[in-house]
Amino acid sequence: LINGPLVSGIGQKYNKTGAQVSLKWLVQQGIPVIPKSDKKDHLLENLDLFDWELGAVDMLRLDSSTTPPVAGANDGTSGDCVIP
């Protein structure tokens, strides 16, 4: 998701990392993100999302990507958290 060929290739076009492309794709759709890192370089990369835009073609390529498959449980939840 953050270093695959699709996001890495798009990232090269904008001189950004695959992780930045993944985050920007979410932010550009109005989806809030809370990236986490304890590495200074990654923290700075995470903040570098607001002075550039993904083009319409790149957004469409990301929107229509089928890999990696969406994670989640069969009940439609993310599958990350379970309340007993």
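Each residue takes its place number in the sequence, starting with 1. Computed from a predicted model, the values in this text were never measured in an experiment.
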Report yes if some heavy atom in the side chain of [X] is under 4.5 Å from a heavy atom in the side chain of [Y]; otherwise report no.
X	Y	result
E53	K24	yes
M59	Q28	yes
D58	V21	no

Should [X] and [Y] be regarded as members of a common hydrophobic cluster, given that ILVMFWY residues are connected when their side-chain heavy atoms come within less than 4.5 Å of each other, either directly or indirectly?
X	Y	value
L44	L49	no
L54	V57	no
I10	L60	no
L47	L43	no

| request: For residues N3 and V7, report the shortest heavy-atom separation together with the two atoms involved. | output: N-CG2, 4.0 Å
| query | Who pairs with D41 by side-chain contact (heavy atoms from CB on, under 4.5 Å), at least two apart in sequence or on another chain? | reply |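 Per chain and number, D41 pairs via side-chain contact (heavy atoms from CB on, under 4.5 Å) with no residue.
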| query | Where the side chain of Q20 meets the backbone of E45, is there a donor-acceptor pair that is under 3.5 Å apart? | reply |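 Yes, the answer is positive, given that a donor and an acceptor are paired below the 3.5 Å cut-off.
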| message | Determine whether a donor-acceptor pair (N or O, by modelled atom type, separation under 3.5 Å) exists between the side chain of Q29 and the backbone of W25. | response | yes
| request: Can you establish whether the number of heavy atoms outside D63 located under 6.0 Å from its atom CG is more than 12? | output: yes
| message | If I take atom CG from residue L26 and atom CG from residue L62, how far apart are they, to the nearest 0.5 angstrom? | response |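 Separation between the atoms: 9.5 Å.
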